[in-house]
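What follows is a single structure, written as structure tokens, with notes after it.
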Amino acid sequence: PELVECYQRHPASAGVQTGPVRVEVTVDEKGRVRSPSVQSGGPAELNACVSRTSRKFVSVAPAMGTADVSWTLHWKL
């Protein structure tokens, strides 16, 4: 829901079509997200919102060390 709120707040208000949003993060040894990187054709505010929201994610800890994870958001609203 928070990622949808990012989309609704930023491109919708700016009248911008963003296309897909690529998110890359590192999951640390405790399962917490570190170093999110967000790339899209949308406004910088959208990328910042997705980055802030991604930092809240928690995952199963990697078996050893850290893990690099990425995903692409395709908005279908």
* So which heavy atom on Pro36 is nearest to which on Ser51, and how close? -> CG-OG, 3.4 Å
* Any idea which heavy atoms bring Trp71 and Val25 closest together, and the distance? -> CZ3-CG2, 3.8 Å
* **Pairwise distance SG(Cys6) to CG(Leu73) - rounded to 0.5 angstrom** => 9.5 Å
* To do: Show your working on side chain to side chain contact (heavy atoms under 4.5 Å, CB included) between Ser59 and Val69 and close with a plain yes or no.
  => CA-CA 11 Å; Ser59 175; Val69 180; over 6 Å; no
* Structure fact -> Between Ala61 and Lys30 the two heavy atoms that sit nearest each other are CB-C, 4.1 Å
* Asked: Between Phe57 and Val33, which heavy-atom pair has the shortest distance, and what is it?
  -> O-CG2, 3.5 Å
* Asked: With sequence neighbours left out, which residue pairs that include part of residues 47-59 fulfil the salt bridge (charged side-chain N to carboxylate O under 4.0 Å, His left out) condition?
  -> Glu2-Lys56
* Asked: Looking at Thr72 and Arg22, what are the two nearest heavy atoms and their distance?
  -> OG1-NH1, 3.3 Å
* To do: Apply side chain to side chain contact (heavy atoms under 4.5 Å, CB included) to Glu29 and Thr66, showing your working.
  => CA-CA 6 Å; Glu29 52 281 331; Thr66 62; 3.8 Å; yes
* To do: Provide the closest heavy-atom pair for Ser40 versus Leu46 in the form atom of the first, atom of the second, distance.
  => OG-CD2, 4.1 Å
* To do: Kindly say whether Cys49 contributes a backbone atom to a donor-acceptor pair with the side chain of Thr53 at under 3.5 angstrom?
  => yes
